[in-house]
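No experiment lies behind these values; they were computed from the predicted model shown.
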Amino acid sequence: MTLTLSTTQVLAGLGVLFALFMVWRVGARKARRAAETARAGARVVSLAGKVLFTGAAFVGVQWLVITHPGNPTLLLVVLGVPDLIAAYVLTRALTVTSLDTSGRGGGR
């Protein structure tokens with residue numbers, strides 16, 4: 001069995017393979033961008049959950065200490081420590097320590 005293809009058929013086949021490769025490449029890029037966007041969105045949601053949980057814990061402890069008075073030192077500690085933690089967290093959150101960029105571009 002011999003297979004004879006004309007030059008036009010070979011070029012058409014190579015063109016189809018090239019077109020399929022380009023479609024696959026564009027799809028891979030879109031999938032990568034979508035995954036990066038999803039990760040960024042998940043980070044925000046995760047951070048919001050952590051903030052809400054920690055805030056609720058602080059409010060609960062403060063409420064307990066304020067409604068059961070008796071030790072002024074404990075009251076000052078319970079009211080002061082969350083301020084220190086919040087200042088630390090805000091300082092870390094607002095300080096840029098790294099820049100998330102894509103690996104493309106050769107460091108330009």
Trainee: Does the side chain of Phe18 come within less than 4.5 Å of Leu14's, by heavy atoms?
Mentor: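 Not in contact.
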Trainee: Hey, mind stepping through Leu20 and Trp24 against side-chain contact (heavy atoms from CB on, under 4.5 Å) and telling me if it holds?
Mentor: CA-CA 6 Å; Leu20 286 173; Trp24 171 77; over 6 Å; no
Trainee: Does Leu79 share a hydrophobic cluster with Leu74, counting links as ILVMFWY side-chain heavy atoms below 4.5 Å and allowing steps through other members?
Mentor: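 In one cluster with Leu79: Leu74, yes.
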Trainee: Check Ile66, Val81, Val78 against Val61 for a side chain to side chain contact (heavy atoms under 4.5 Å, CB included) and give me the one that passes.
Mentor: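 Of the listed options, the one satisfying the test is Val78.
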Trainee: Do the side chain of Glu36 and the main chain of Arg33 share a donor and acceptor less than 3.5 angstrom apart?
Mentor: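 No, because the side chain of Glu36 does not come within donor-acceptor range (under 3.5 Å) of the backbone of Arg33.
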Trainee: Under a single-linkage definition using a 4.5 Å side-chain heavy-atom cutoff for Ile, Leu, Val, Met, Phe, Trp and Tyr, are Val59 and Leu75 assigned to the same hydrophobic cluster?
Mentor: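 No; Leu75 is not reachable from Val59 via cluster members.
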Trainee: Can you tell me how far apart CG (Asn71) and CG (Leu76) are? Round to the nearest 0.5 Å.
Mentor: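 Reported value, rounded in 0.5 Å steps: 9.0 Å.
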Trainee: Measuring from Met22:CE to Leu17:CG, what's the distance to the nearest 0.5 Å?
Mentor: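 The distance works out to 13.5 Å.
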Trainee: Which value, rounded to the nearest 0.5 Å, describes the distance between Asp83 atom CG and Phe58 atom CZ?
Mentor: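 With rounding to 0.5 Å, CG (Asp83) is 9.5 Å from CZ (Phe58).
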Trainee: Which value, rounded to the nearest 0.5 Å, describes the distance between Gln62 atom CD and Thr67 atom OG1?
Mentor: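 It comes to 11.5 Å.
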